[in-house]
Number of protein chains: 2
Amino acid sequence: MTHSRPLKSEISLSVIKTACSNCNLRELCLPFGLSIDELERLDDLVSSRRRIKRGDYLYRAGESFDAIYAIRSGFFKTDVLLEDGRDQVTGFQMAGELLGLDGISTEHHTCNAIALEDSEICAIPFSRLESLSREIHTLQHHFHKVMSREIVRDHGVMMLLGTMRAEERLAAFLLNLSQRFTSRGFSHAEFYLRMTREEIGSYLGLKLETVSRTFSRFQEEGHIAVQQKHIRILNVNGLKALMNQR
Amino acid sequence: MTHSRPLKSEISLSVIKTACSNCNLRELCLPFGLSIDELERLDDLVSSRRRIKRGDYLYRAGESFDAIYAIRSGFFKTDVLLEDGRDQVTGFQMAGELLGLDGISTEHHTCNAIALEDSEICAIPFSRLESLSREIHTLQHHFHKVMSREIVRDHGVMMLLGTMRAEERLAAFLLNLSQRFTSRGFSHAEFYLRMTREEIGSYLGLKLETVSRTFSRFQEEGHIAVQQKHIRILNVNGLKALMNQR
DNA sequence: AATCGCGGTTGACATGGATCAAGCCAACAC
DNA sequence: GTGTTGGCTTGATCCATGTCAACCGCGATT
């Protein structure tokens, strides 16, 4: 790829240029439900595409906010820091998901977004998104749904943190990842974790040792096979059953 | 008041009718930042006002969604239920705050909203809010801020649940209530809790006994005076200090 | 005034997960 | 190869919070 010269500039441009219209995530991402010509208007807006290397920040808490970001490929975590150094991972985001919605409220980001693998994002200038969504009803409505979905997701995490035991939290976590990989066309039963035990623990309100021990227990009980970051789910129903017991 | 007859119909109507333009919460609530004539257009939309008695549901999880609600007066909790009966209180809402944003995502409410005291709400039909906010930029932007603020709040709760100890959670909870009462013109140092120890516990991921014991400890240490639901904060800085230790 | 009942407090004890510590494994550098 | 490093696993012990149980106190009802 790096040595190929463009044969026809239109073609190469249309491939290289960010374009929702030919993005295979468009049914998961912001463009959901838009007509062809609406899509093209969104294309104009989603101009810049950026690579973020593993470990780099997409944005940091405190930075001023002016765009939201759609993940084109890769994997991110968001976290909030307390003055005393404690931190809480607030989410893991994958392709097709939006980052940065927290920044709208104060015009400043309130959390950090960090790439857990080399990633690519589309920046969507927020004020332009607002103007466009004043014109395109479908876009407006879908954007509201996405924000609302984030609120609902957060409620789920609260439930997890507030009422579930370590086993249940981890089972819920694995099932959630599995389901999200599935809807992106990957295996539901086999995947690589992009985050460390510590990051999982932070997300789930557990220490890394507990995460590790619980994985081991799941393995002993035949629910999963773990080998470092490689996970195979052997018994989905077993995991599901772990959640509603008690 | 109840015996007075209207002298001029316009006057009595303007008092009785729901109207953002003369609501003293307008600087906290959705109308924030609107001009006089924009306010009047919002008035048309916020037509119905409803009383909810203590203990009654404003809406239930699963019901179909078509409006969001602004709290005119009173106090609510929202909670989510798991099949096995466990529940998690996801928030406490007071005058000027919005309820129902979770329902946008699936067109169905995903939690229950229950009045903790006799309350009054304004129903805002959501599709009409969307059309109006396509016309009024300020309204659109403010609504986005409100949704985003909810996401940020949820992150705070995750931090609480994920990384803080019982003392810290409860201190944070009291300080948060105090601050919200203050911005509504009530005393920052003295207030009545509208919720039970069990509801506080559910919100904070603690059992009611722990909540009760921690209140008692705060009292022994001179941070607060508790008597059932009546709270007086004696030492704000003491409470703040409790949070960042460790 | 007596009774009832719900919510709150307090105590004694149990336990899930944290903490501390050692060792292991895999990737990478040299 | 050997060493180094970061992430993971496992064991022993500890402790914060949960659990169970008794009792209290206040408001509502009669």
Side-chain angles (χ1 to χ4, degrees), chain A residues 54-55 77 85-89 114 116-118 160-174 192-221 224-232 242-243 245-246, chain B residues 53-55 77 85-89 114 116-118 160-174 192-221 224-231 242-243 245-246:
Chain A
R54 175 174 170 201
K77 73 167 176 181
R86 281 182 284 184
D87 74 330
Q88 170 75 25
V89 171
I114 299 151
L116 296 182
E117 62 181 29
D118 292 357
L160 214 87
L161 293 170
T163 78
M164 292 181 152
R165 304 171 336 91
E167 274 194 354
E168 301 177 291
R169 295 185 199 185
L170 213 51
F173 172 73
L174 289 176
Y192 279 89
L193 299 173
R194 321 296 157 115
M195 66 298 275
T196 67
R197 303 290 191 259
E198 186 167 21
E199 286 162 337
I200 298 174
S202 169
Y203 181 60
L204 298 177
L206 303 169
K207 292 291 154 181
L208 70 298
E209 292 96 328
T210 306
V211 173
S212 180
R213 271 185 247 274
T214 309
F215 273 150
S216 302
R217 187 146 13 106
F218 283 178
Q219 178 155 250
E220 283 162 28
E221 290 165 357
I224 63 173
V226 213
Q227 206 187 156
Q228 307 283 106
K229 299 202 138 108
H230 181 223
I231 300 275
R232 265 185 312 137
L242 276 174
M243 291 186 52
Q245 76 193 9
R246 155 94 81 143
Chain B
K53 293 189 79 68
R54 177 176 168 197
K77 72 166 177 182
R86 281 183 285 183
D87 75 332
Q88 170 75 27
V89 171
I114 299 150
L116 296 182
E117 62 181 28
D118 293 357
L160 215 88
L161 292 170
T163 78
M164 292 181 152
R165 305 174 333 94
E167 274 194 352
E168 301 176 292
R169 296 185 198 186
L170 212 51
F173 172 73
L174 289 176
Y192 280 89
L193 299 173
R194 322 295 158 114
M195 67 297 274
T196 67
R197 301 291 190 260
E198 185 167 22
E199 286 161 337
I200 298 174
S202 169
Y203 180 60
L204 298 177
L206 302 169
K207 293 289 155 180
L208 71 298
E209 292 96 328
T210 306
V211 173
S212 180
R213 272 187 249 275
T214 309
F215 273 150
S216 301
R217 187 149 9 108
F218 283 179
Q219 179 155 251
E220 283 162 28
E221 290 165 356
I224 63 173
V226 213
Q227 207 185 156
Q228 306 284 108
K229 300 204 139 107
H230 182 224
I231 301 275
L242 277 174
M243 290 185 52
Q245 76 192 12
R246 154 97 80 138

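It should be emphasised that the depicted structure is a prediction, and the values quoted were computed from it without experimental measurement. Labels below follow one simple rule: chain letters A, B, ... track the order of the sequence lines, proteins then strands, and each chain is numbered from 1.
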Any side-chain N or O of A:Ser216 less than 4.0 Å from the OP1 or OP2 oxygen of D:dT10?
yes

Using a cut-off of less than 4.0 Å, is there contact between a side-chain N or O of B:Lys229 and OP1 or OP2 of C:dG8?
yes

Taking only nitrogen or oxygen atoms into account, show me every contact under 3.5 Å that the protein makes with nucleotides 15-17 of chain C, one pair per line with its distance.
unit_1	atom_1	unit_2	atom_2	d
C:dG17	OP1	A:Ala166	N	2.8

So how far is it from [X] [atom1] to [Y] [atom2], rounded to the nearest 0.5 Å?
{"X": "B:Gln88", "Y": "A:Leu161", "atom1": "CD", "atom2": "CG", "result": "8.5 Å"}
{"X": "B:Leu242", "Y": "B:Arg217", "atom1": "CG", "atom2": "CZ", "result": "9.0 Å"}
{"X": "A:Gln219", "Y": "A:Ile224", "atom1": "CD", "atom2": "CD1", "result": "6.5 Å"}
{"X": "B:Ile200", "Y": "B:Ser212", "atom1": "CD1", "atom2": "OG", "result": "10.0 Å"}
{"X": "B:Leu160", "Y": "B:Met243", "atom1": "CG", "atom2": "CE", "result": "7.0 Å"}
{"X": "A:Arg197", "Y": "A:Leu204", "atom1": "CZ", "atom2": "CG", "result": "12.0 Å"}

Kindly write out the residues that satisfy side-chain hydrogen bond (donor to acceptor under 3.5 Å, both in side chains) with A:Glu198, not counting sequence neighbours, or none if the list is empty.
none

Between B:Leu170 and B:Phe215, is the side chain to side chain contact (heavy atoms under 4.5 Å, CB included) condition met? List the steps.
CA-CA 8 Å; B:Leu170 212 51; B:Phe215 273 150; 3.8 Å; yes

Looking at the base of D:dC20, is there any donor atom on it, or on the side chain of B:Glu209, that sits under 3.5 Å from an acceptor on the other one?
yes

Is any N or O donor-acceptor pair between the side chain of A:Arg197 and the base of D:dG6 shorter than 3.5 Å?
no

To the nearest angstrom, how far is [X] atom [atom1] from [N] atom [atom2]?
{"X": "A:Tyr192", "N": "D:dC8", "atom1": "OH", "atom2": "P", "answer": "14 Å"}
{"X": "B:Arg54", "N": "C:dC6", "atom1": "CZ", "atom2": "P", "answer": "13 Å"}
{"X": "A:Leu204", "N": "C:dA18", "atom1": "CG", "atom2": "C1'", "answer": "15 Å"}
{"X": "A:Arg213", "N": "D:dC8", "atom1": "CZ", "atom2": "C1'", "answer": "12 Å"}
{"X": "A:Leu170", "N": "D:dC8", "atom1": "CG", "atom2": "P", "answer": "13 Å"}
{"X": "A:His230", "N": "C:dC25", "atom1": "NE2", "atom2": "C1'", "answer": "17 Å"}
{"X": "B:Leu160", "N": "D:dT17", "atom1": "CG", "atom2": "C1'", "answer": "16 Å"}
{"X": "B:Phe215", "N": "D:dC24", "atom1": "CZ", "atom2": "C1'", "answer": "19 Å"}

With the side chain counted from C-beta on, respond yes when A:Lys229 and A:Thr196 share a heavy-atom pair under 4.5 Å apart, and no when they do not.
yes

Considering only nitrogen or oxygen atoms on both sides, find all protein atoms under 3.5 Å from nucleotides 25-28 of chain D and state each distance.
none

Of the nucleotides C:dG7, D:dT9, D:dG7, which has the atom closest to the B:Thr196 side chain?
C:dG7

From the candidates C:dT9, D:dT9, D:dT19, the one with an atom nearest any side-chain atom of A:Leu208 is D:dT9

